[in-house]
Q: 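One structure follows; several queries about it will come next.
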Amino acid sequence: MPTEFQAALLDWYRAEARDLPWRLNPDPYPVWISEIMLQQTTVAAILPAWERWMRRFPTVDSLAEAPEQAVLEMWQGLGYYRRARLLHAAAKAVAESGFPDSVEGWQRLPGIGRYTSAAIASISQGILAPLVDGNVVRVFARLHARPEPANRLEPEAWDWTASVMESGDPGAWNQALMELGATVCTPANPRCLFCPVQAWCQALRQGVQAECPGPKEKPAFVTIGHEIAVPLEDGRVALRPAGPDEWWNGLWVLPWTQVEPPERPDLRFTVTRHRISARITVGSDAPDGTQLHPLEALPPMPAPHLRALRIALSRS
DNA sequence: AATTCGGGGGT
DNA sequence: ACCCCAGAATT
């Protein structure tokens, strides 16, 4: 029998849940793909990628058999490309031994940690597994009027979700908590008037929603410069594969070197804690270690280098 | 416990 | 412009 709090949130979820495509048929494989894509990535950003992916790799076997290059190609634009390589490795393991049937089993697969194992197990297999993500930490912080930064609250949030876990439909309960954080209990301008659990919210009672949780303390940004070459040769561009200890490992990049930040950059972008100001130089000779690729059939490339290429083309 | 992995959407 | 996102692996 659900508590009043649980019933209030679940009723709201059943009435208001967004109809996301992986919710139509919550089998392990489609849910797994959605959860890996959703790691540090918003729902809006992954929607087209998920549809594309499911058409290209409709089953775990089709994914396991695909060449790595094709997998990375389907991941383009999502970032954190390591996720794609780990997912590919995990798919090979599952094609061999079948889907796990426990949280521990899921967590043994590459790319699946504490959160993702609980999410897949509860949503696609009905396993009673509490979880915490960025949304749930925020909901916890607001309900209990906790002003600490989210990363400090995370351990307590895990205790809390375990204590309020609803056993009737674990997948719906976990998604209800996250859906609340994603659509109502948002980082900025929470819609408290429409919140199904406002009666239980200490932050609302005290009027401190905006202060809970506190701002995440982040390391200072480092500003660096890149010199990016765009070697063009009759409709082709010279690219080299990014090495294992390099940014964008596994993708093809334009020849680039780190330099002092230029006075007047052609392009700015951010990679984790680095703010990069880049100069773009258009050339005609292909440096060593590069390979010419036709512009109409480019291999997987990081988004900033695609932008650099477009800028170079618009100039020439 | 800290750091390192991108890119995009929302505000 | 800035924030932060359905985190995991590595050190």
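This one's a predicted model, so the numbers in the text were calculated from it and none came from an experiment. Order of the sequence lines sets the chain letters (A, B, ...), proteins ahead of strands, with each chain counted from 1.
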Q: How many whole angstroms separate atom CD of Gln76(A) from atom C1' of dG8(B)?
A: 15 Å
Q: By the 4.0 Å heavy-atom rule, please label Ala44(A) as base, sugar-phosphate, or nothing.
A: sugar-phosphate
Q: For nucleotides dT3(B) and dA6(C), find the distance between their P atoms and express it as a whole number of Å.
A: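 Roughly 24 Å separates the two P atoms.
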Q: In whole angstrom, give the distance that lies between atom CZ of Arg85(A) and atom P of dC5(B).
A: 12 Å
Q: Looking at Trp32(A), Trp50(A), Trp22(A), which one forms a side chain to side chain contact (heavy atoms under 4.5 Å, CB included) with Met37(A)?
A: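 Only one of Trp32(A), Trp50(A), Trp22(A) forms a side chain to side chain contact (heavy atoms under 4.5 Å, CB included) with Met37(A), namely Trp50(A).
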Q: With sugar-phosphate meaning primed atoms plus P, OP1 and OP2, does Asn249(A) contact a base, only sugar-phosphate, or nothing at under 4.0 Å between heavy atoms?
A: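 No contact.
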Q: Taking only N and O in the side chain of Trp247(A), is any of them less than 4.0 Å away from OP1 or OP2 of dC5(B)?
A: yes
Q: Please report, rounded to the nearest Å, how far the P atom of dC5(B) is from the CG atom of Leu78(A).
A: 18 Å
Q: Treating Ile, Leu, Val, Met, Phe, Trp and Tyr as nodes and any side-chain heavy-atom pair under 4.5 angstrom as an edge, say whether Leu267(A) and Leu313(A) lie in one connected cluster.
A: yes
Q: Could you tell me how far apart Arg307(A) (CZ) and dG6(B) (C1') are, to the nearest whole angstrom?
A: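 In whole Å, dG6(B) C1' lies 11 Å from Arg307(A) CZ.
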Q: Do the ring planes of Trp160(A) and Phe140(A) sit parallel (below 30°), tilted (30 to 60°) or perpendicular (above 60°)?
A: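 Rings of Trp160(A) and Phe140(A): tilted, as their planes differ by 30° to 60°.
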Q: Could you tell me how far apart Asn151(A) (CG) and dT3(B) (P) are, to the nearest whole angstrom?
A: 12 Å
Q: Relative to the 5' end of DNA chain B, which residue comes earlier, Gly79(A) or Asn189(A), by the nucleotide with the nearest heavy atom?
A: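 Residue closer to the 5' terminus by nearest nucleotide: Gly79(A).
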Q: Using side chain to side chain contact (heavy atoms under 4.5 Å, CB included) as the criterion, point out the one residue from Asp133(A), Leu78(A), Ile46(A), Thr116(A) that pairs with Gln39(A).
A: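 Of the listed options, the one satisfying the test is Thr116(A).
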Q: In whole Å, I'd like the distance from the CE atom of Met37(A) to the P atom of dG8(B).
A: 14 Å
Q: Compute the ring centroids of Trp252(A) and His305(A), then answer whether they are less than 6.0 Å apart.
A: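 No; His305(A) has its ring centre 6.0 Å or more from that of Trp252(A).
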Q: Would you verify whether the NZ or CZ of Arg191(A) falls within 45 degrees of the ring axis of Phe194(A) while also being under 6.0 Å from that six-membered ring's centre?
A: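 Cation-pi check for Arg191(A) and Phe194(A): passes.
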Q: In residues 254-271 of chain A, which ones come under 4.0 Å of DNA chain C, going by heavy atoms?
A: none
Q: Would you mind checking if Arg56(A) and Glu73(A) are paired as a salt bridge, meaning a charged N to carboxylate O distance below 4.0 Å?
A: no
Q: If you take all heavy atoms of Arg138(A) and Gly181(A), which pair is closest and at what distance?
A: NH2-O, 2.8 Å
Q: Distance between the C1' atoms of dG8(B) and dA9(C), in whole angstroms?
A: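 One C1' to the other, the span is 23 Å.
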Q: Once you round it to whole Å, what is the distance between P of dG6(B) and CD of Glu246(A)?
A: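 It is 11 Å, rounded to the nearest whole Å.
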Q: Figure out the CD1/P separation between Ile224(A) and dT4(B), and round it to whole Å.
A: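 After rounding, the gap between these two atoms is 12 Å.
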Q: Protein within reach of the bases, or only the backbone? For nucleotides 5-11 of chain C, mark each nucleotide 5' to 3' as B, S or -, using heavy atoms under 4.0 Å.
A: BBBBS--
Q: Report the secondary structure of DNA chain B in dot-bracket form, marking unpaired bases with a dot and bases paired to a different strand with |, and treating Watson-Crick or G-U pairs with both distances under 3.5 Å as paired.
A: |||||.|||||
Q: Under 3.5 Å, is there a donor on one side chain and an acceptor on the other for Arg23(A) and Gln175(A)?
A: yes
Q: Are more than 12 heavy atoms, taken from residues, nucleotides or ligands other than Arg52(A), located less than 6.0 Å from that residue's CZ atom?
A: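 Yes, enclosed.
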Q: Testing the 3.5 Å rule here: is there a donor-acceptor pair between the side chains of Trp106(A) and Glu35(A)?
A: no
Q: Please work out if Pro302(A) contacts a base, only the sugar-phosphate, or nothing of the nucleic acid, heavy-atom cut-off 4.0 Å.
A: sugar-phosphate
Q: Under 6.0 Å between the ring centres of Trp200(A) and His144(A)?
A: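 When the ring centroids of Trp200(A) and His144(A) are compared, they turn out to be at least 6.0 Å apart.
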Q: Between Trp248(A) and dG7(B), is there a contact of a side-chain N or O with OP1 or OP2 at under 4.0 Å?
A: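 True: Trp248(A) side-chain N/O within range (under 4.0 Å) of dG7(B) OP1/OP2.
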